[in-house]
Amino acid sequence: MKSLDNIIDDASSTISQESNTAITPLPNSELFLVWIVHASQAFQTTMLFPMLVFMVEKYGGATRISAQAVGWQAGLLASLFPLAQCCSSVVWGIISDRTGRKPSLAFGCATSGVSAILLGFCSTYTSACFVRFLAGLLNGTLTVTKSVVSELCDGSNLAKGFGLLNLAWGIGAVMGPVVSGLLAQPCVQYKLQHCPDFLVKYPFLLPCIGAAIFSVAGTIASLSLIETNPQCRKASGYDQLPRQDVSTMDSDKLAEDEPKCSEMVQLTCIDGDQVMNTASCKQKLIVVISTSGKSETNHIVTPEEGGDDSCCRAQGTVSVCKETWDKAPSRFAWLNRDVLLVSLCYSMTGFIFIITDELFPIFGAASSSVGGLGFSSFALGLILGEGGVVLCLYTLLLYPKVCQLLGPLRCFRLGILTSIPLWYIFPISSLFPTVPVLQWSLLLLSMAARSAATCSAFAGVLVLVSNSASQEHIGAVTGLSSSFCSLFRAVGPACGGMIWSFASGQKFPLHQFLAWQFVVFLSIFTVGLSYLLPPSLSKPKIGNLRLDKCLH
């Protein structure tokens with residue numbers, strides 16, 4: 001006897017084989033608004049990094065703070081924002097499931113803008129920590145944007161949508177430190193003769209105003225976005241997102257699909273974990289699967305609405321009907337093994353790349369006597385800038401084709417696997433200080449490959465997260481995965497600094513490889529985790545699995 005999951009998987013596989021669908025065009029106008037929102041949050045998150053040390057020293061005032069104290073205080077201040085998001089992401093995901101995506105996005109962006117201004121006016125370390133933590137606690141934007149992309153896209157273009165979301169984060173993460181570095185402490189940095197008093201008193205206000213302006217743009221974009229939550233759209237009188245409606249499909253195509261419907265319809269009953277062909281159930285669950293392969297046309301069809309074969313004639317769909325026990329779904333029915341595994345994979349991916357984000361500048365600026373490159377900030381900026389350019393080109397031109405060829409699961413696995421040799425090439429470059437051409441070639445090549453690996457890994461695993469959730473629980477699932485990832489991103493920077501400090505203090509040959517070897521172990525572990533994920537996550541879940549209380 002087959003389980004219910006096996007029956008659903010068989011039905012999905014049959015329809016996927018019979019329906020070789022073309023890629024649906026992306027809703028570019030809506031994705032552009034989401035892009036602005038996501039980039040504004042990346043800016044908000046990373047704009048603090050270049051001025052952290054100077055902020056801590058400024059807050060100390062006349063009291064001289066030791067270098068060790070500056071280090072841990074700066075690390076704590078940087079970690080508070082993602083740590084707070086770890087605490088609240090699930091809550092914001094559930095709120096967006098119930099109240100809609102637009103309110104959550106607009107509130108999160110508006111809160112970011114206000115908190116940025118407050119941070120600029122902070123004069124003590126304690127107040128800065130409080131503002132930063134509160135800003136993360138009241139901001140679930142990073143969770144909700146992933147839910148919006150999942151609902152705007154379908155199975156054929158979801159990978160490309162998440163690739164663009166990853167690009168938004170990359171550009172925002174580059175803009176944040178650049179703007180912050182240019183505008184922080186303008187009186188000291190540019191040696192202004194007649195500097196305004198408020199800039200002397202609040203030297204970090206200008207970067208914070210820049211972050212607030214970007215957040216205002218994100219708020220406007222949020223309010224201009226259509227509501228993508230299906231339940232909230234239905235309550236407002238909107239049935240579907242503005243995409244191709246199945247009613248506009250060619251009538252000949254519907255006529256061709258009708259025989260498939262009667263072949264696929266089957267009634268089953270659950271007894272424990274087994275599915276039996278009996279007729280003793282009192283409830284019927286009708287799962288509607290679009291023959292066009294577009295999940296947005298999925299809905300529940302009751303017998304009163306026609307059910308069975310008539311759903312083909314009315315909606316151009318195939319229905320798989322199942323009977324089940326009269327049990328209400330659990331509040332945490334969305335929390336299962338697949339969700340936990342894919343959330344852990346997403347978290348490990350964030351952990352790996354946030355550590356290397358922290359490790360490379362430290363390694364690059366460290367002197368050659370401790371195994372570093374001894375580069376200036378300008379040289380490091382050139383290498384990081386080249387990585388940003390490659391990220392844009394790869395995301396727009398190559399990644400959609402790679403993901404279409406491999407699928408999201410293999411694409412995620414490929415991103416992590418290809419990054420492993422890079423974690424060796426970076427320290428290898430330190431062995432050629434007298435051959436600058438070779439050294440720079442290795443670094444530029446490695447940074448370009450890292451950008452491609454980052455896009456493949458993150459975009460692939462985000463598709464897997466989306467596919468692990470049913471439509472009514474997409475916010476909760478993305479919230480859980482974002483919470484896990486935020487926790488790992490909170491400890492990542494401190495972890496990277498501690499690993500390098502330990503490695504640089506060793507005396508054995510090639511000790512600079514030690515820190516990068518730790519990242520290799522994390523990457524191998526993540527690849528192993530990916531093999532525990534079921535291949536079914538490469539496809540979206542079938543329909544909205546809800547119980548319709550209709551008597552047999």
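Computed from a predicted model, the values in this text were never measured in an experiment.
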Give a yes or no on whether the backbone of [Y] and the side-chain of [X] come within a donor-acceptor separation of less than 3.5 Å.
X	Y	result
Trp92	Leu105	no
Thr124	Ser127	yes
Thr395	Cys392	no
Ser115	Ser112	yes
Tyr125	Gln73	yes
Asp338	Ser468	no
Ser79	Ala490	yes
Glu227	Arg101	yes

**Request:** Please test Met47 against Val179 for side-chain contact (heavy atoms from CB on, under 4.5 Å), starting from the C-alpha separation and ending with a verdict.
**Result:** CA-CA 7 Å; Met47 65 97 178; Val179 172; over 6 Å; no

**Message:** Check this for me: Phe130, atom CZ, are more than 12 non-hydrogen atoms of other residues, nucleotides or ligands nearer than 6.0 Å?
**Reply:**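 Not buried by this count: 12 neighbours or fewer within 6.0 Å.
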
Nearest 0.5 angstrom please: [X] [atom1] to [Y] [atom2], how far?
X	Y	atom1	atom2	answer
Thr356	Arg450	OG1	CZ	3.5 Å
Leu158	Asn467	CG	CG	6.0 Å
Ile209	Ser215	CD1	OG	12.5 Å
Ile117	Cys122	CD1	SG	11.5 Å
Leu533	Arg337	CG	CZ	8.0 Å
His38	Trp169	NE2	CH2	6.0 Å

**Message:** side-chain contact (heavy atoms from CB on, under 4.5 Å) for Leu33 and Val37? Distances and angles first, verdict last.
**Reply:** CA-CA 6 Å; Leu33 297 175; Val37 174; 5.8 Å; no

**Request:** Tell me yes or no: between the side chains of Ser456 and Tyr394, is some donor less than 3.5 Å from an acceptor?
**Result:**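 The criterion, which ignores hydrogens and geometry beyond distance, is satisfied for Tyr394 and Ser456.
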
**Asked** Do the side-chain N and O atoms of Ser150 and Ser466 include a donor-acceptor pair separated by under 3.5 angstrom?
**Response**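 Per modelled atom types, Ser150 and Ser466 side chains form a pair under 3.5 Å.
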
Do the side chains of [Y] and [X] get nearer than 4.5 Å, heavy atoms only?
X	Y	result
Phe488	Ile354	no
Leu138	Phe107	yes
Thr141	Cys109	yes
Phe162	Val461	no
Arg132	Leu48	yes
Leu164	Leu396	yes
Leu391	Cys455	yes
Val465	Lys146	no

Between [X] and [Y], what is the shortest heavy-atom contact and its length?
X	Y	answer
Leu223	Ala106	CD2-CB, 3.8 Å
Ala84	Gly136	CB-C, 3.6 Å
Tyr399	Ala459	OH-CB, 3.2 Å
Ser343	Phe484	CB-CD1, 3.6 Å
Ile226	Lys102	C-CD, 3.8 Å
Ala211	Phe43	CA-CE2, 3.4 Å

**Item:** Pair Leu464-Cys345, side-chain contact (heavy atoms from CB on, under 4.5 Å): steps then yes or no
**Value:** CA-CA 10 Å; Leu464 298 177; Cys345 286; over 6 Å; no

List, one per line, each side-chain donor-acceptor pair under 3.5 Å for residues 408-415, sequence neighbours excluded.
from, atom 1, to, atom 2, distance (Å)
Arg413, NE, Ser530, OG, 3.0
Arg413, NH2, Ser530, O, 3.1

**Request:** Report the residue from Thr145, Asn139, Thr46 that forms a side chain to side chain donor-acceptor pair (under 3.5 Å) with Gln41.
**Result:**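 Answer after filtering Thr145, Asn139, Thr46: Asn139.
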
**Message:** With side-chain contact (heavy atoms from CB on, under 4.5 Å) as the criterion, how do Met55 and Leu119 come out once you've worked through the C-alpha distance, each side chain's angles and the decisive distance to 0.1 Å?
**Reply:** CA-CA 11 Å; Met55 291 177 77; Leu119 183 65; 4.2 Å; yes

**Request:** Look at the aromatic rings of Phe458 and Phe353 and report parallel, tilted or perpendicular, splitting at 30° and 60°.
**Result:**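 Rings of Phe458 and Phe353: tilted, 30 to 60°.
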
What side-chain donor-acceptor pairs closer than 3.5 Å can you find for residues 521-529, not counting sequence neighbours?
from, atom 1, to, atom 2, distance (Å)
Ser523, OG, Trp423, NE1, 3.2
Ser523, OG, Val519, O, 3.0
Thr526, OG1, Leu522, O, 2.8

